Amino acid sequence: QANDIIVSLHGPEELIVECDASLLRLVVANSIQNGIEAATGVGSTEPIVVSWGVTDSDYYVAIIDRGPGVPAHSDGLFDIGTTSKRGHLGMGLAIVRQASRSLGGSATLANIEDGFTRFEFRWPRPLDVS
């Protein structure tokens, strides 16, 4: 039986970004799914936190979950066929990395304090030519 997962959203109510919407959707959907699967896999009742925003130079989306964490040897987690989850093919993070790169951005996954894992995706804002 799957746990009910709460997703907590934090960011500007309206944020208009300039990028390929389908690529952005791939990154965000796969990353949230990954966080939910990680949390439910260990029976966590902590909410998945999704935050987003913009800086002077880039946009960002961050997802924090309390799953099993990132393994010590995690260099290949974004490679096709690499997974830490039983019964998975290892495609989700590989899709995330390719979509991120196609948008000129980067995706990272790291352990943070108190057993939480943070996924972060950043991609550049277009230069203001006015």
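Side-chain atoms are counted along with the backbone in the values below, which use heavy atoms only and exclude waters and symmetry mates. In this text, all values refer to a predicted model and were calculated from it rather than measured experimentally.
- Taking hydrophobic clusters as Ile, Leu, Val, Met, Phe, Trp and Tyr residues chained together by side-chain heavy-atom distances below 4.5 Å, V27 shares a cluster with V17.
- Partner of D65 under the side-chain contact (heavy atoms from CB on, under 4.5 Å) criterion, out of V42, I48, I36: I48 alone.
- For S44 (side chain) and T40 (main-chain N/O), no donor-acceptor pair under 3.5 Å exists by modelled atom type.
- I95 and I32 fall within the same hydrophobic cluster, where Ile, Leu, Val, Met, Phe, Trp and Tyr residues are linked whenever their side-chain heavy atoms come under 4.5 Å apart, directly or through other members.
- Remark: side-chain polar atoms of W52 are paired, donor with acceptor, to backbone N or O of P12 under 3.5 angstrom.
- For the pair L24/W123, a side-chain contact is recorded, criterion being any heavy-atom separation below 4.5 Å from C-beta on.
- The CG atom of L109 lies 11.0 Å from the CZ atom of R118; values are rounded to the nearest 0.5 Å.
- Members clustered with V49: I64, I112, F116, by chain and number, using a 4.5 Å side-chain heavy-atom cutoff among hydrophobic residues.
- By the 4.5 Å heavy-atom criterion applied to side chains, L26 and V96 are not counted as neighbours.
- Looking at R122 and D58, a side-chain N of the basic residue comes within less than 4.0 Å of a carboxylate O on the acidic one, giving a salt bridge.
- Distance CZ/R101 to OG/S106: 10.0 Å, rounded to 0.5 Å.
- A heavy-atom distance below 4.5 Å is not found between the side chains of V61 and F119.
- The distance from the CG atom of L103 to the CD atom of Q98 is 10.0 Å, given to the nearest 0.5 Å.
- The closest side-chain heavy-atom distance from C19 to Y59 is not below 4.5 Å.
- Taking all atoms of both residues into account, the shortest heavy-atom contact from P68 to A38 is CD-O, 3.5 Å.
- A side-chain donor-acceptor contact under 3.5 Å links R125 to the backbone of T55.
- Cluster membership for L9 and I6, using ILVMFWY side-chain heavy atoms within less than 4.5 angstrom, is not shared.
- If you take CD1 on I5 and CD on E46, they are separated by 10.0 Å, rounding to the nearest 0.5 Å.
- When atom types are taken as modelled, the side chain of N34 and the backbone of N30 share no donor-acceptor pair closer than 3.5 angstrom.
- Side-chain atoms of N111 come within 3.5 Å of backbone atoms of V70 as a donor-acceptor pair (strictly under, hydrogens ignored).
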